[in-house]
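Each remark here refers to the structure printed beneath this line.
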Protein chains: 2
Amino acid sequence: MDSKIKDVARAAGVSPTSVSRVLNNSPHVSEKLEKKVRQAIEQLNYTPSMIAKNLKRNKTNLIGVIIADVTSGYQASVLSGIEEECASNGYHLLVSNIKENTRKVLDYLYVFQEMRVDGIVLMHGKMTEEIRNFIKRTNIPIVAHADVGFDLPAVIIDNFQAAYDAVEYLIRRGHRRIAMLAGDMRDISEGQRRYDGYAAACERYGLTADESLVRCGDYKLDTGYRLAEELLADRGGAFTALFAASDDMAVGAINCFHDRGLRVPDDISVIGIDGGPLSDIVRPRLTAIHQPVDRITRAITDLLFERIGQGKDSRQDDQSGSILYIPHRLVEKESCKDC
Amino acid sequence: MDSKIKDVARAAGVSPTSVSRVLNNSPHVSEKLEKKVRQAIEQLNYTPSMIAKNLKRNKTNLIGVIIADVTSGYQASVLSGIEEECASNGYHLLVSNIKENTRKVLDYLYVFQEMRVDGIVLMHGKMTEEIRNFIKRTNIPIVAHADVGFDLPAVIIDNFQAAYDAVEYLIRRGHRRIAMLAGDMRDISEGQRRYDGYAAACERYGLTADESLVRCGDYKLDTGYRLAEELLADRGGAFTALFAASDDMAVGAINCFHDRGLRVPDDISVIGIDGGPLSDIVRPRLTAIHQPVDRITRAITDLLFERIGQGKDSRQDDQSGSILYIPHRLVEKESCKDC
DNA sequence: GACCGAATTGGTATCGATACCAACTGTTGC
DNA sequence: GCAACAGTTGGTATCGATACCAATTCGGTC
């Protein structure tokens, strides 16, 4: 902490340059010199300063992550995967948990920019005009794991199709009155897409659209519980199945039904999206559209590192880039049943 | 990104020093100058480099966090709390998820030291001699949220007493044959303390010690499931209650029992430790020793910032300091019943 | 009108590394 | 013995901010 490269150089009787060479395993270093230097490092308990190094190299090996809610099991598992990929490539994570609070996003983006992170992973779909502008202006590579509604490199499942598949599955099992717990639909993104998929499937199979069977909120468990309560109160008995836009909301709903004496799946079938750890924890186990976490985290980091690599030579300041759709699949567990 | 403070200075027709003053809201800056500078900043889309700033100030406003497993609901909620406290004090988090892998701890500690983080939160109790040495030598303030078994500032509940209370509660409800799912006991820490509390309560109330009712693992849900299976296979019927050293293990066990047709709490009572979000998610809701997350995160950050503040003037290189015990409480929910 | 102190502004060394260029050493071939 | 060259080593400018000291301006006072 206290000793600098110069101190080591002095103690070893060599130049700072040589110490630097030893630290970075450069070629053209004699064994004798290396030994002297390593000894001095040991003696002084020297640790190189990444701050200085970063300043000189103009690279930090930091990845900024904006996560909507770490206490969501699905998101935590994605975070964990990203961390692992990054660590094995020498990158470390600056994590910002916004607790679903969109207004914090911009602040953290600025922090990341000031910190000169090498890349950003954005795990939150709601946008504001300011956020969009920031993203378009910055030249830090960003990869989203969210349906942001504009042209930004992203790794996601096809949210429309995922919702469609979920609802179609319920319909095939004989359900005709299907409620939905949606995300926030005030933005053209995840929430909207998943709702659209729901609506499309309903229409395709000739189910009468009934807006009062759809409730919007965020993706949290408590919200799922609350909205399910509302549904029961307002429209109790009017639906035999429920499609929730996240595991957490689905489980919230299951718990609500359980607490009201309704049995899942006997009285009501429930299907979710994510298929994260929680889907195996609850009883009955949650049937859900499964987002393959491994493939997703892998794709996110691959894409990010690729873009970080490019940044050096080919200057591509804009954040345009195609969306990479990772195939989802419906995993049947125990929460759905024929009607 | 591209423009530096000098560019701004040139564009505004002032000195770099003045730009710096504007950026830091120093006194003695005329409105006219400030306006010119802000305009130039806007025009050049300038963002100050924290790297350079940090180098000069010798302070990073970064807190390194070593977390045992982010996918644990309890730990995620602690992380979330710490993040919030830190953010509101201008600090940001460098997060390392070790996935319960003790060997990664040392690597990350070195990374933190190289990054010159201002403080470290250690949320993992297992130690090695090397880790201990590192902690003793470094002068980065460290606060643990774990029972590490030696004199390091820590914020924890009294693990011995917590376990004792849990077991005593079961005994008071008439249980005499109580199994335990313990953490890892190869180290003198959390795992050991919680086991000791269990053993002490058993002894105090004259229960015959039966080592074969105790199984050790880590704190994960899957482990809880597996160990519960083992217990049932080896000692099925020999116990009416189970004390698990974490929420996750408790829920794993509950699920195992559920899958085997055993009812909780009717056939077996289960009590856990943590009282995190999961304890409200499972059905039956988990009765557990509750670790007050808010108070804990608050205490951790307070302690850390206090030590960071001190570092400047009074040099206190050693990491000794007392352990702060946060009072726990037993929260009765639905997973326990009279025997 | 000269002087004083406070407010405002600028110049430059510095934080701790690395990169680039220059210098030195020793070996080989003629 | 000398040139050529590869293998080592050292000196110093530099990354982009801030801190310290010096210079300047501006009122107001005597």
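Letters A, B, ... mirror the listed sequences (proteins, then strands); counts begin at 1.
With sequence neighbours excluded, the residues satisfying side-chain hydrogen bond (donor to acceptor under 3.5 Å, both in side chains) with A:S15 are A:S18. Not counting sequence neighbours, B:Y219 has no partner by the side-chain hydrogen bond (donor to acceptor under 3.5 Å, both in side chains) test. With sequence neighbours excluded, no residue forms a side-chain hydrogen bond (donor to acceptor under 3.5 Å, both in side chains) with A:Q43. Remark: A:Y110 engages A:F134 in a ring pair (Phe, Tyr, Trp, His ring centres under 6.0 Å) (not counting sequence neighbours).
In this structure, A:D7 atom CG and C:dG16 atom P are separated by 9 Å, rounded to whole Å. Remark: P of D:dA17 and CG of B:N61 are 17 Å apart, rounded to the nearest angstrom. Taking atom NE2 of residue A:H28 and atom P of nucleotide C:dA22, one finds them 17 Å apart after rounding to whole Å. A straight line from NZ of B:K59 to P of C:dT14 spans 24 Å, rounded to a whole angstrom. Here the C1' atom of nucleotide C:dG16 and the OH atom of A:Y46 are 7 Å apart, to the nearest Å. At whole-Å resolution of the value, CD1 in A:I5 and C1' in C:dA17 are 6 Å apart. The distance from atom NZ of B:K6 to atom P of D:dA17 is 10 Å, rounded to the nearest whole Å.
For the pair A:K56 and D:dC15, the criterion of a side-chain N or O lying under 4.0 Å from OP1 or OP2 is not met. For C:dG10, the OP1/OP2 oxygens have a side-chain nitrogen or oxygen of B:S15 closer than 4.0 Å.
Ranking D:dT18, D:dT9, C:dT9 by closeness to the A:S30 side chain, first place goes to D:dT9. Among the nucleotides D:dG16, D:dT9, C:dA17, the one closest to the side chain of B:L55 is D:dG16.
Across residues 16-24 of chain B, B:T17, B:S18, B:R21 each have a non-hydrogen atom less than 4.0 Å from an atom of DNA chain C (numbered order).
With a 6.0 Å radius and a threshold of 12 heavy atoms from other residues, nucleotides or ligands, A:E84 has its CD atom at or below the threshold.
Under a 4.0 Å N-O distance rule, the pair B:E42/B:R38 does not qualify as a salt bridge. Ion pairing between a basic and an acidic side chain is recognised when a charged N comes within 4.0 Å of a carboxylate O; A:K35 and A:E31 show no such pairing. A salt bridge is defined here as a Lys NZ or Arg NE, NH1 or NH2 lying under 4.0 Å from an Asp or Glu carboxylate O, and A:R10 with A:D7 meets this definition.
Between B:K32 and B:A52, the residue anchored closer to the 5' end of DNA chain C is B:K32, taking for each the nucleotide with the nearest heavy atom.
Nearest approach of B:R116 to B:T60, heavy atoms of both residues: O-OG1, 2.8 Å.
Backbone-only engagement by B:P48 is indicated by non-hydrogen atom pairs under 4.0 Å involving sugar-phosphate atoms exclusively.
Overall bending of the helix from C:dG1-D:dC30 to C:dC30-D:dG1, expressed as the angle between end axes built from five pairs apiece, is 60° (10° steps).
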